[in-house]
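Right, one structure below, let's go through it.
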Amino acid sequence: FGSKASPPSTEEGSGIDGTAFASIGSSGGSTGRVTASIVPWHDALMVWKITGVLLVVLLVLVALVVGAGVYFSTLLTTPSVPNATADQEVLATDGATVTLAQDDYNLYPGLNSLIGDDGHAFLGAQLDITGSPGDGEVTYELDVTRGELTEGQQAVWSSWYYDYGDPSDRGLEFSEVTPRSDVGDLPSWYVPGDGDVWTIVVHGINSDREESLRVLPTLAENGPVLVIRYRNDIGVPTQDNLLRLGDTEWRDVEAAMQWVRGEGAERFVIYGFSYGGAVTLQALDRAEGREDIVGVVLDSAVISWSDTLVR
């Protein structure tokens with residue numbers, strides 16, 4: 001019931017200062033019996049100190065978790081203009097080969113290219129590796145397609161492979177068209193092709209239509225292709241300047257489906273890169289006329305946002 005000083009020492013009292021704690025309940029056959037114990041005041045004070053420290057630690061942990069959640073959710077839901085970082089240092093080149101400072105990206109060969117301020121080059125076979133990421137070097141065959149790459153230059157490592165351009169760089173005819181969505185016009189590439197099954201291509205997060213250039217000729221061999229921009233892209237109106245993880249972007253795919261129907265399409269495939277794969281899955285589930293979708297291609301797609309965020 002509170003703090004109470006004990007009376008001086010007697011035959012019935014100890015005379016020790018302390019805190020009295022009492023409880024009312026039943027004991028044995030008695031009802032309403034009061035029992036009490038005396039806890040030294042310094043022990044009680046220690047309990048309160050420990051409780052206070054634990055409470056502060058808990059509040060700090062909660063703040064850190066909430067802050068981290070806000071930070072990473074902002075990174076994920078805030079659109080940005082595609083702007084690859086020039087993270088590759090050209091240590092040496094003779095025009096036919098290039099040696100780079102080794103890192104986690106360039107250690108593994110594949111279809112990649114280097115893009116500098118004034119040049120673009122395809123990377124061929126990996127010729128040599130020395131050291132380890134951070135202090136080693138890696139050498140590739142080099143095929144310069146535009147400008148030049150010089151020693152000491154910083155360049156972008158690009159898995160898009162092809163230079164920033166348009167379908168004509170892949171030898172394809174195309175035209176600019178503008179399907180219209182609920183947010184406005186969607187600048188898109190229309191690439192004619194043989195066949196009656198159209199393909200609608202949806203690029204990845206904070207990317208652009210150029211991401212499709214590496215697969216565009218193959219797609220065009222199987223029918224016409226429409227490569228779209230969607231809300232929050234360059235030149236496209238935004239709904240609220242937030243990426244919605246596919247929850248609103250699917251409407252732009254639906255608008256593209258309506259446009260190709262107007263061009264005579266009766267069946268189509270949707271090709272989604274990464275984030276565009278999540279948008280594709282939403283369209284597959286929610287778009288009007290989705291029964292005309294006869295297939296999807298999910299290229300490194302986000303299948304589950306919960307699994308992706310956890311990892």
| Would you say the side-chain atoms of Ser188 pair up with the backbone N or O of Leu186, donor to acceptor, closer than 3.5 Å? | yes
**Short N-O contact, Arg231 and Asp182, less than 4.0 angstrom** = yes
From the list Thr130, Val98, Asp128, Ile129, side-chain contact (heavy atoms from CB on, under 4.5 Å) partner of Val138 resolves to Ile129
> Between Thr99 and Thr139, do the side chains contain an N or O donor and an N or O acceptor separated by less than 3.5 Å?
Replying inline: yes
Between Gln88 and Leu100 the two heavy atoms that sit nearest each other are OE1-CD1, 3.7 Å
For Ala301 and Gly277, the nearest pair of non-hydrogen atoms, with its separation, is CB-CA, 3.7 Å
Looking only at atom types and distance, does a side-chain atom of Glu211 sit under 3.5 Å from a main-chain N or O of Gly204, one as donor and one as acceptor? yes
Between Val302 and Leu281, the two heavy atoms sitting closest are O-CD1, 4.1 Å
Subject >> Shared hydrophobic cluster, Trp259 / Trp250 (ILVMFWY, side-chain heavy atoms < 4.5 Å) >> reply: no
Correct closest heavy-atom pair for Ala256 and Pro179 would be CA-CB, 4.4 Å
Check your understanding: Tyr275 and Ser207: side-chain contact (heavy atoms from CB on, under 4.5 Å), yes or no, with the steps?
Key -> CA-CA 10 Å; Tyr275 184 97; Ser207 185; over 6 Å; no
Please confirm whether the backbone N or O of Pro109 pairs with a side-chain atom of Asn112, one donor and one acceptor, at under 3.5 Å? no
By side-chain contact (heavy atoms from CB on, under 4.5 Å), Asp169 pairs with (sequence neighbours left out) Asp166
Scanning both residues in full, the closest heavy-atom pair of Thr97 with Thr93 reads O-OG1, 2.8 Å
Could you tell me whether Asp94 atom CG has more than 12 heavy atoms of other residues or ligands within 6.0 Å of it?
yes
Please check: side-chain N/O of Gln102 versus main-chain N/O of Leu107, any donor-acceptor pairing under 3.5 Å?
no
For Leu298 and Thr280, run side-chain contact (heavy atoms from CB on, under 4.5 Å): C-alpha distance rounded to whole Å, both residues' side-chain angles, the deciding distance at 0.1 Å, then the answer.
CA-CA 8 Å; Leu298 302 176; Thr280 296; 4.2 Å; yes
Output for pair (Leu149 CG, His120 NE2), nearest 0.5 Å, gives 9.0 Å
One should read off an interatomic distance between Glu89 CD and Asn106 CG, to the nearest 0.5 angstrom, of 11.5 Å
Query raised in the report: Has the side chain of Ser274 got a donor or acceptor atom that lies under 3.5 Å from a matching backbone atom of Gly276?
Result: no
For Glu288, does the CD atom sit with more than 12 other heavy atoms under 6.0 Å from it, leaving out its own atoms?
no
Interatomic distance, CD@Gln258 vs CD@Glu254, rounded to 0.5 Å, equals 5.0 Å
task = Give a yes or no on whether Asp104 atom CG has more than 12 heavy-atom contacts from other residues, nucleotides or ligands under 6.0 Å away.
result = no
Sorted by chain and number, sequence neighbours left out, side-chain contact (heavy atoms from CB on, under 4.5 Å) with Arg180 holds for Asp185
**Asked** Is it the case that one hydrophobic cluster holds both Leu123 and Leu91, taking links as side-chain heavy atoms less than 4.5 Å apart, direct or via other members?
**Response** no
Between the CG atom in Leu114 and the CG atom in Leu142, the distance rounded to the nearest 0.5 Å is 7.0 Å
Residue set satisfying ring-ring contact (aromatic ring centres under 6.0 Å, His included) with Trp198, at least two apart, ordered chain then number -> Tyr190
Next on the checklist: More than 12 heavy atoms of other residues, nucleotides or ligands under 6.0 Å from CG of Asp118: yes or no?
Outcome noted: no
Sequence neighbours excluded, the answer for side-chain contact (heavy atoms from CB on, under 4.5 Å) partners of Asp285 is none
In this structure, CZ of Arg251 is separated from CD of Gln282 (nearest 0.5 Å) by 10.5 Å
Grouping ILVMFWY residues whenever side-chain heavy atoms fall under 4.5 Å, the cluster of Val269 otherwise contains Leu111, Phe122, Tyr161, Tyr162, Leu172, Phe174, Trp189, Val191, Val197, Val201, Leu213, Val215, Leu216, Leu219, Val225, Val227, Tyr271, Phe273, Val294, Val297
Note: with side-chain heavy atoms under 4.5 Å as the link, the other cluster members for Leu127 come out as none
* Under 3.5 Å donor-acceptor, Asp252 side chain and Ala255 backbone -> no
d(Glu137 CD, Ser132 OG) to nearest 0.5 Å is 11.5 Å
| Taking it one step at a time, do Glu249 and Val202 satisfy side-chain contact (heavy atoms from CB on, under 4.5 Å)? | CA-CA 10 Å; Glu249 294 90 340; Val202 188; over 6 Å; no
Where the side chain of Asp103 meets the backbone of Tyr105, is there a donor-acceptor pair that is under 3.5 Å apart? yes
Residues Ile228 and Ile200: closest non-hydrogen pair is CG2-CG2, 4.3 Å
Crowding at CD, Glu173 (>12 non-hydrogen neighbours, <6.0 Å)
no
TODO: State whether the side chain of Tyr230 and the backbone N or O of His203 hold a donor-acceptor pair below 3.5 Å, judged by distance alone.
DONE: yes
